[in-house]
There are 2 protein chains.
Amino acid sequence: MAQKKASLKVLAAHLGLTVSTVSRALNGYSDINEQTRARVKRAADELGYRPNQTARRLSLGAPETICYLMPHDANVLAQPFVAQLLQGLSDVLTKRNWDLLIGNAESYKDELSLIDRLVKSGRVGGFVVSRPLVNDPRIRLMQDLKCPFVVHGRTGSCADYAWYDVDGEAAVVTAVDHLVELGHEKIAFIGAPNQYQFSQDRLCGYQRALVENGLSEVPGYVQTADFSDEGGEVAAGMLLDLPEPPTAIICATDSMAFGALAALRSQGFAPGEDVSVIGYDGLSFGAHTNPPLTTMVQPQAHAGRRLGDMLLSVIDGEDPKKHQELQKAYLVQRKSDGPLRRKEVKPTVSVREETHET
Amino acid sequence: MAQKKASLKVLAAHLGLTVSTVSRALNGYSDINEQTRARVKRAADELGYRPNQTARRLSLGAPETICYLMPHDANVLAQPFVAQLLQGLSDVLTKRNWDLLIGNAESYKDELSLIDRLVKSGRVGGFVVSRPLVNDPRIRLMQDLKCPFVVHGRTGSCADYAWYDVDGEAAVVTAVDHLVELGHEKIAFIGAPNQYQFSQDRLCGYQRALVENGLSEVPGYVQTADFSDEGGEVAAGMLLDLPEPPTAIICATDSMAFGALAALRSQGFAPGEDVSVIGYDGLSFGAHTNPPLTTMVQPQAHAGRRLGDMLLSVIDGEDPKKHQELQKAYLVQRKSDGPLRRKEVKPTVSVREETHET
DNA sequence: AACCGTACCGAAAACGGTTTCGGATCGCAA
DNA sequence: TTGCGATCCGAAACCGTTTTCGGTACGGTT
């Protein structure tokens, strides 16, 4: 049964027609008799014909492929969203018979040359880039290359490209307001590295919310760490060592919040009772921490699909500015937040030691 | 300076040479004068020439692309390993200038037709498939299509293809042995759906270890659930409702173990003290559960790289049977296991309620 | 002067499609 | 009978590479 690979040529020969006729028949041209079109389609089915995409794309001059640039800095805990995003992207792309490519580099420098190669070699017709820097060289490059792209997140000047983002500033404001309602005034913030735009956004939210609530910024209450659990742990440790430690901590990412919880427990504080912790990301895993993590969740279930749709639209020639979407995050209250404890008892250090993997 | 797209043709014209000469010069043919070769290379650099991969692949007759088939059944908690795998794969592929494609389908049926399309349309030269079923139709299909592939995991009859797997049976034996050393005899097992080969393997390990330790299988001690935290939670609930509940539980995946911990706590048991729980996967997240999860970790840091290397070898014509690799998992002890408590006190139900996201 | 081998490069086919253009065939009206 | 417009299909160019096969020019031998 293993017939030779079915090409237009063998199909044509098999039918006593020309390659061009067969091609037009399959592609729905109107100058083909419906009868012969049916005949062609039947034969194509029987021979299991699939047009060679490589040849097709060469002829069309379009790669029909988009590339997702994998974040190369993120720690493993933050990766679940990557798989979700890819699924969403894949969904909308396969409907159009487009391909989804994975772009992966070890550094921003490598990534730039990767983008350059992919575009100039005609392999890729568009990019999705996640978690941009404040001043992201990748975006400039893609603009220079005149290659369509869509950003998952935003940069400072995001006026003239397509993006999909969650309003991090508003989200953190929500978090601060929530803590203030619970009676907290000594609220600290553990931010992510400030090269990332999202770090800035979330930090801005913190600062604005303080002002709006009539609170003043306490020196040392803003820590910066890389977004891993370890980073969150050391940053929280710094906060607790302050002469006047905070009663509530907002973390720029859930993974950092995981570390903050660990730091609190290891110093004998009961997170959610002695000190409130609020994360940001809405990792479903947060339901299992000790205590379960209250967090700002981003509705990124269909982020991938939206990003895919937007990118395809831009590639189709639509104005990128028309495709900018800002989502709201919302608070999911679990157990790591609670009302301020008025009487401040310095807790005794627990004997129980927290373990930590290396 | 956005020059027209640099093709061999414009390069040739620019240099006063022929397309074929330029091509051979760049590809290191020996019948090209070293002087002109240098001249050509310099011009190529200056014009930013990148060979059109589509055209190249058409001419070569090789797609130079492999496809990773995304698991479509998995729950989100189990996805971190996907991103890792993709990075590893991407690493080895980009070194060869091959592309990594994402294949995603919503059902096994769709997946089969996806594979068929990808192969027959010449888009893909090989596949990586994760977490195979006991009798996996995808594997049969790829064999029929004579398309190279490598399996991340194994099936029952895995003799004649390439695979990379962790010895799940041995791993669970290790876990059981460990529990027995701690004094446990009433050891239960929460398995994953038995359509998956890895479920069978791990279950076999459980059964074998019981025999080896002179323990007999207690009715009801083997539960099956889908591999999500919810699944683990209900399964653990069943175990605790047994007339004689187990003192230790082994879960086929970490995410199920997360649920098991929740079930224990919600019924007032102290996991790790009253009842031991051991997971399987080594999710780094397990360090943050309540209590931190003891688990069998798979060394899958470089699984992606190995799979990529193996697949490329097979595509190069090597015997798939030569590429079968079995890794050992090892126990990482955190806090969810502990010695058997001799006196069995039925604990009082805690007032504290565990929340759970929907 | 004729011959030959080597070094270097050009011509052209091929990969498998898409698309433009022209040509044959037919029915029908003038 | 001629002319004309539809209708349907074939011929051929093209997309940008790779690769085989010749061909020219040149040097050195006889």
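Note: hydrogens, waters and symmetry copies are ignored here, and every other heavy atom, side chains too, is used. Below, chains carry the letters A, B, ... as their sequence lines are ordered, and counting in each starts from 1.
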> Does A:C158 offer a backbone N or O that forms a donor-acceptor pair with the side chain of A:Q324 under 3.5 Å?
Replying inline: yes

> Does B:T65 reach the main-chain N or O of B:P63 with its side chain, forming a donor-acceptor pair under 3.5 Å?
Replying inline: yes

Euclidean distance, atom [atom1] of residue [X] to atom [atom2] of [N] [Å, nearest integer]:
X      : N      : atom1 : atom2 : answer
B:E64  : C:dC15 : CD    : P     : 18 Å
B:L15  : C:dC9  : CG    : P     : 11 Å
A:L8   : C:dT18 : CG    : P     : 6 Å
A:I32  : C:dT18 : CD1   : P     : 13 Å
B:K120 : C:dG17 : NZ    : P     : 14 Å

Tell me what [X] touches on the nucleic acid: a base, only sugar-phosphate, or nothing, going by heavy atoms under 4.0 Å.
X     : result
B:R24 : base
B:L60 : sugar-phosphate
B:T54 : nothing

>> I want to know whether A:H72 and A:Y108 have ring centres closer than 6.0 Å.
In response: yes

> What are the 5'-most and 3'-most nucleotides of DNA chain D lying under 4.0 Å from any heavy atom of chain B?
Replying inline: D:dC15 to D:dC21

>> Strictly below 4.0 Å: does A:S23 bring a side-chain N or O up to OP1 or OP2 of C:dT18?
In response: yes

> Does A:N52 get its side chain close enough to the base of C:dC15, under 3.5 Å, for a donor-acceptor pair?
Replying inline: no

>> If I compare all heavy atoms of B:L141 with all of B:L112, which pair ends up nearest, and what's the gap?
In response: CD2-O, 3.3 Å

> Does B:D31 or A:V19 map to a spot on DNA chain C nearer the 5' end, using the closest nucleotide for each?
Replying inline: B:D31

>> Using heavy-atom distances to pick each residue's nearest nucleotide on DNA chain C, tell me which of A:Y29 and B:L17 is more 5'.
In response: B:L17

>> Can you tell me how far apart OG (A:S107) and CG (A:L114) are? Round to the nearest 0.5 Å.
In response: 10.5 Å

>> Nearest 0.5 angstrom please: B:E111 CD to B:L69 CG, how far?
In response: 5.0 Å

> When you check the side-chain N and O atoms of B:R140 and B:N135, is any donor under 3.5 Å from an acceptor?
Replying inline: yes

> Which one, C:dC8, C:dG16, C:dG17, comes nearest to the side chain of B:N33?
Replying inline: C:dC8

